[in-house]
2 protein chains.
Amino acid sequence: MVTPISTLVERLARLVQNDSHTGGLLPSQWEALRYVERANRFSSSPGALAVYLGLTKGTVSQTIKVLAGKGLVRKAPTLADRRAVKLELTAKGRETLKNDPIQEMQDCIDALPAGDRNSMETALENLLRDMLKNRLGRPFGICRSCRYFRRDHETGAPHLCSLLDEPLSNDDSNLICIEQTEEAEHPDSS
Amino acid sequence: MVTPISTLVERLARLVQNDSHTGGLLPSQWEALRYVERANRFSSSPGALAVYLGLTKGTVSQTIKVLAGKGLVRKAPTLADRRAVKLELTAKGRETLKNDPIQEMQDCIDALPAGDRNSMETALENLLRDMLKNRLGRPFGICRSCRYFRRDHETGAPHLCSLLDEPLSNDDSNLICIEQTEEAEHPDSS
DNA sequence: ACATTAAAGTATCGAGTCGAAACTAAATCG
DNA sequence: CGATTTAGTTTCGACTCGATACTTTAATGT
């Protein structure tokens, strides 16, 4: 009946949320800005952000409009698809992220004993994965841990995404991707 | 620059948040309802809820009004202080909490290996405590772990709150309290 | 005692969030 | 080439939240 751990997650998130009215931005704007920083080039679109946040495209469109108006994000046209928009962090946006209010939580995490930190990371990752599996959500995991990631494809473009058949730099491979799918597990008969 | 763990907490909270539009209630209403269930008699007031959630009294007053209007919570007058309101869960409120959308996360947590679960709980508790310490917030911890908790005070009223000089039942001692203060650590000279 | 101050809670307003639905424009499918 | 799908925007209405002003009751100070 008492649900201690879910309550802890909820309260931690609320602390961040309450902090996130600072710096001239609002909580959802901070979330969007963080996403744009971390998303790879297949994922830096309003649509992918909507999937990530679990919001409708219309809502996200509003948030982006505000961030673009403040000069923190740029809406660049896309060559391949003239409907699509590529979201890019501006220099000002990058500067703003240095005062990200979530940093206070990150500082507290960094101050924890390494054992606590590692076990917490593993447990939270497992939990998130399980919850997303239940609802068929996308994990938005790190590129290099994807089943379609091919290391050292050729010189010049070190790695490869075998799903989209695109070259990947080392930086690319540390970003999150909407297409990311974990390494296949041993198939079972279910 | 990449902040993995804080991002995980944020995303987990967002999943719960996105789920919390169900059951005819809104996210903040679910949070308030959960609080009323878990708060002891020194903490079941709009003011304490505002402190817990980090919101203003006015905001909380609105949420309570809605919950009372739906018949999930009762605003009982207080004998000792005629300004104060005591929030009580109604039978309907208790019934509603059985469909709490946060339960899905709790189910996933319960399905984790026991080791993951225990270490996660410890780490999250430490993290929350550190963050609250930084901002001078109240921990709202469990009554029985409070420095003012006296076990087995006398027969009939098994325990005692030595801060408020009030008797505490066994049930009381498992609820959260706005006055809760952790057991004093061994004093150091800092 | 009695005026002052503090505290618990409410009411109102404005900026912002969010989902739903209608819409535009571009790409894809058949 | 026409029909459908997809990326994204706009508009609307219900709701959240902080700020502020307010009422009622309790505590405090002289």
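Since the model is a prediction, treat every value here as computed from it, not as a measurement. In what follows, every heavy atom counts, from backbone to side chain, and hydrogens, waters and symmetry copies are set aside. Lettering of chains follows the sequences in order, A, B, ..., and the numbering in each one begins at 1.
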Value in whole Å for how far the [atom2] atom of [N] lies from [atom1] of [X]:
X        : N      : atom1 : atom2 : value
A:Leu67  : C:dT17 : CG    : C1'   : 14 Å
B:Ile178 : C:dA8  : CD1   : C1'   : 12 Å
A:Leu87  : D:dA7  : CG    : C1'   : 12 Å
B:Arg82  : D:dA27 : CZ    : P     : 12 Å

**Asked** Does any pair with a residue in residues 6-27 of chain A pass ring pair (Phe, Tyr, Trp, His ring centres under 6.0 Å), and if so which ones, sequence neighbours excluded?
**Response** none
**Pairs meeting criterion salt bridge (charged side-chain N to carboxylate O under 4.0 Å, His left out) with involvement of residues 20-31 of chain B, two or more places apart** = A:Arg14-B:Glu31
**Message:** Test of understanding: with side chain to side chain donor-acceptor pair (under 3.5 Å), list the residues that count as partners of A:Glu104, not counting sequence neighbours.
**Reply:** B:Arg135
**Prompt:** For A:Arg41, what residues pass the side chain to side chain donor-acceptor pair (under 3.5 Å) criterion, not counting sequence neighbours?
**Reply:** A:Glu166, A:Asp172
**Summary of side-chain hydrogen bond (donor to acceptor under 3.5 Å, both in side chains) pairs that have at least one residue in residues 70-80 of chain B, sequence neighbours excluded** = B:Arg74-B:Glu88
**Under 4.0 Å protein heavy-atom contact, by nucleotide of nucleotides 8-17 of chain D - B base, S sugar-phosphate only** = BBBB---SSB
**Item:** Which residue lies more 5' along DNA chain C, comparing B:Asn18 with A:Asp81 via nearest heavy atoms
**Value:** B:Asn18
**Request:** Write down the atom of B:Leu168, the atom of B:Cys161, and the distance for their closest heavy-atom approach.
**Result:** CD1-N, 3.5 Å
